[in-house]
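Data first, discussion second: the structure below is written as structure tokens.
A quick note: this is a predicted structure, and the numbers were derived from the prediction, not measured.
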Amino acid sequence: MRKRAGSVPLENESFGAAPLDRDCRLKQNLRIPGTKGRSPRDPDCDSSEGMKRFGRRYGLWSRLRMFLVFLVGLYIAIPFLVKICPAIQTQLVFLNLVRFPYFIDLKRPQDQGLNHTCNLYLQPEEDVSIGVWHTIPAVLWKEAQGKDLMWYEEVMSTNYPVILYLHGNAGTRGGDHRVQLYKVLSLMGYHVISFDYRGWGDSVGSPSESGMTYDALHVFDWIKARSGDNPVYIWGHSLGTGVATNLVRRLCERETPPDALILESPFTNIREEAKSHPFSVIYRYFPGFDWFFLDPITASGIKFANDENVKYISCPLLILHAEDDPVIPFHLGKKLYNIAATARSLRDFKVHFIPFHKDLGYRHKYIHRSPDLRQILKDFLGNTEQQ
């Protein structure tokens with residue numbers, strides 16, 4: 001008997017025995033003459049594929065939802081962790097464990113392009129050691145080659161002024177922007193003494209506001225014992241402005257003030273700075289922000305009250321601040337100036353505020369790039385450059 005011409009031969013008669021997904025694959029391979037290669041659609045197959053797509057979408061959404069729940073839980077938990085463990089907030093203020101750049105040898109300042117700098121260590125207290133760099137005026141560069149620590153100490157008494165530099169939080173005395181400032185000041189004819197507070201860099205000890213202030217006092221006294229009648233200026237940057245005003249207030253109280261105080265990117269006090277810091281943006285409107293975040297700072301003995309200290313300072317004061325500073329807002333530096341300008345203790349001394357326009361891009365730590373800095377210091381401190 002002839003086969004009917006329109007019949008379609010099937011290779012497997014037992015479709016019911018195959019699982020559904022295999023059945024769908026087999027049906028998709030089925031070809032009907034006149035359909036131009038298209039396979040017939042089966043409702044069961046469409047339903048199976050739809051369920052798989054839905055399952056994948058649901059799994060992705062489920063994971064995303066779990067991640068969002070985790071973030072919200074973490075956001076709520078952090079304030080309680082800070083409140084329970086004030087040491088967390090203390091570390092956020094000091095950031096002394098953030099050592100950048102990481103792979104530099106602080107015993108070798110010449111590796112940072114300071115080949116007229118010596119490294120030494122001082123001991124303010126028992127079990128405390130601080131690393132110090134002494135950069136001499138650039139005009140003495142050739143004479144300094146191959147000299148020992150004794151020579152560096154003796155040359156401090158020659159006719160060049162000295163700047164004690166107090167750096168901010170994070171990093172070390174070998175930070176790039178700090179090194180660039182040393183070079184600028186050295187070219188202007190200054191000795192530059194910089195050091196790492198206890199707990200920073202290769203200095204030994206645990207950080208605290210009182211400890212940092214005592215370290216600075218010890219270095220200042222070390223300088224005065226070797227600088228003869230040369231002027232000694234104190235320059236603080238960022239968190240270092242808090243150390244600087246603590247130090248100068250103490251020096252004025254014992255009637256040994258420095259010849260001038262320079263504050264670069266200062267704040268009023270640590271509470272106002274913490275509230276204005278970019279890290280606090282996501283929590284600024286969190287209920288109980290002060291109680292969770294600011295009170296633990298105060299409870300840890302950290303105040304850095306520049307706004308109070310300037311009322312007890314009796315020496316010339318210069319404030320430098322960039323309008324585009326993203327770390328310490330410009331308005332805090334201006335507010336500090338307004339307090340200092342009306343302070344009775346400063347009425348017989350110069351108090352200057354120098355703003356740097358936001359278009360210059362100096363931000364928080366690049367004021368040393370200003371070509372006007374040389375003239376600003378000349379006008380305020382006098383012409384200390386040696387021809």
Side-chain angles (χ1 to χ4, degrees), residues 91 93-138 140-141 144-156 162-187 190-209 211-223 226-227 234-244 247 264 364-366 368:
Q91 179 55 222
V93 172
F94 294 142
L95 292 177
N96 58 298
L97 299 181
V98 179
R99 180 173 174 172
F100 185 83
Y102 293 98
F103 304 109
I104 67 170
D105 185 354
L106 293 172
K107 294 182 177 66
R108 294 178 51 82
Q110 61 268 30
D111 292 346
Q112 309 308 310
L114 296 171
N115 50 8
H116 55 317
T117 299
C118 72
N119 178 73
L120 62 139
Y121 295 91
L122 300 177
Q123 190 171 11
E125 296 177 317
E126 188 177 356
D127 299 326
V128 174
S129 172
I130 55 176
V132 182
W133 281 358
H134 174 193
T135 302
I136 62 172
L140 301 176
W141 173 80
Q145 302 311 300
K147 296 296 192 298
D148 58 12
L149 292 178
M150 185 67 70
W151 180 87
Y152 274 86
E153 290 192 20
E154 291 173 353
V155 80
M156 204 183 301
V162 183
I163 289 180
L164 169 58
Y165 178 76
L166 306 173
H167 68 66
N169 66 355
T172 68
R173 63 190 182 277
D176 182 64
H177 66 281
R178 293 161 187 163
V179 169
Q180 297 309 314
L181 177 64
Y182 309 157
K183 292 178 179 178
V184 169
L185 296 176
S186 173
L187 285 170
Y190 297 98
H191 290 275
V192 182
I193 308 297
S194 59
F195 70 96
D196 283 319
Y197 317 105
R198 61 186 71 189
W200 271 261
D202 56 354
S203 297
V204 178
S206 299
S208 67
E209 179 176 355
M212 295 163 69
T213 303
Y214 190 79
D215 292 344
L217 177 63
H218 183 81
V219 177
F220 179 85
D221 288 340
W222 179 86
I223 293 170
R226 292 157 178 79
S227 58
I234 295 174
W235 184 310
H237 172 245
S238 191
L239 187 67
T241 64
V243 181
L247 170 62
E264 179 189 356
H364 182 60
K365 56 185 181 182
Y366 299 113
H368 67 266

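Within the model, atoms OH of Tyr152 and CG of Leu140 stand 9.5 Å from one another, a figure rounded to the nearest 0.5 Å. Within the model, atoms CG of Asn169 and NE2 of His237 stand 9.5 Å from one another, a figure rounded to the nearest 0.5 Å. Separation of atoms CG (Leu120) and CG (Leu149) is listed at 6.0 Å; rounding is to 0.5 Å. Note that CG of Leu181 and NE2 of His177 are 8.5 Å apart. Values are rounded to the nearest 0.5 Å. Summarising the geometry, atom CD1 belonging to Ile193 is positioned 10.5 Å from atom OH belonging to Tyr182; distances are rounded to the nearest 0.5 Å.
Ion pair Arg198/Asp127 not flagged as a salt bridge, since none of the NZ, NE, NH1 or NH2 atoms sits closer than 4.0 Å to an Asp/Glu carboxylate oxygen.
Closest approach of Ser186 to His116, counting heavy atoms only: OG-NE2, 3.0 Å. Summarising the geometry of Gly199 relative to Pro207, their closest heavy-atom pair is CA-CD, 4.3 Å, with the distance given to 0.1 Å. Of all the heavy atoms in Pro109 and Cys118, the pair that sits closest is CG-C, 4.4 Å.
Checking Asp176 against Gln112 by side-chain atom types alone, no donor-acceptor pair falls below 3.5 Å. Between the side chains of His167 and Ser194, no donor-acceptor pair of N or O atoms lies under 3.5 Å.
You'll find the side chain of Asp111 stays beyond 4.5 Å of the side chain of Ile104, heavy atoms only. Side-chain contact between Tyr121 and Lys107: present, with at least one pair of heavy atoms (C-beta onward) separated by less than 4.5 Å. Between Trp222 and Glu153, the closest side-chain pair of non-hydrogen atoms falls below 4.5 Å.
When each of Glu264, Lys365, His364 is checked for a side chain to side chain contact (heavy atoms under 4.5 Å, CB included) with Ser238, only His364 meets the rule.
Below 30°, between 30° and 60°, or above 60°: for Trp235 and Tyr165 the angle between ring planes is between 30° and 60°, a tilted geometry.
Using modelled atom types, one side-chain atom of Gln145 and one backbone atom of Asn115 make a donor-acceptor pair closer than 3.5 Å. A side-chain donor-acceptor contact under 3.5 Å links Ser227 to the backbone of Ile223. Between the Arg99 side chain and the Thr172 main chain, no donor and acceptor come within less than 3.5 Å of each other. The main-chain N or O of His218 is never found under 3.5 Å from a side-chain atom of Asp215 such that the two would form a donor-acceptor pair.
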Report task. Before giving the answer on side chain to side chain contact (heavy atoms under 4.5 Å, CB included), spell out for Lys183 and Val179 the whole-Å C-alpha distance, their side-chain angles and the decisive distance to 0.1 Å. Result -> CA-CA 6 Å; Lys183 292 178 179 178; Val179 169; 3.8 Å; yes

Query - Intermediate values then yes/no, side chain to side chain contact (heavy atoms under 4.5 Å, CB included), Met212 and Leu239 - result: CA-CA 11 Å; Met212 295 163 69; Leu239 187 67; 4.2 Å; yes

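Residues forming a salt bridge (Lys or Arg N to Asp or Glu O under 4.0 Å) with Glu154 (at least two apart in sequence, or on another chain): none. With sequence neighbours left out, Asp105 forms a salt bridge (Lys or Arg N to Asp or Glu O under 4.0 Å) with no residue at all.
The distance between the ring centers of Phe195 and Trp200 does not fall below 6.0 angstrom.
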Validation: residues 128-136 side-chain donor-acceptor distances under 3.5 Å, sequence neighbours left out:
| residue | atom | partner | partner atom | Å |
| --- | --- | --- | --- | --- |
| Trp133 | NE1 | Leu106 | O | 2.9 |
| Trp133 | NE1 | Asn119 | OD1 | 3.3 |
| His134 | NE2 | His191 | ND1 | 3.0 |
| Thr135 | OG1 | Thr117 | OG1 | 2.8 |

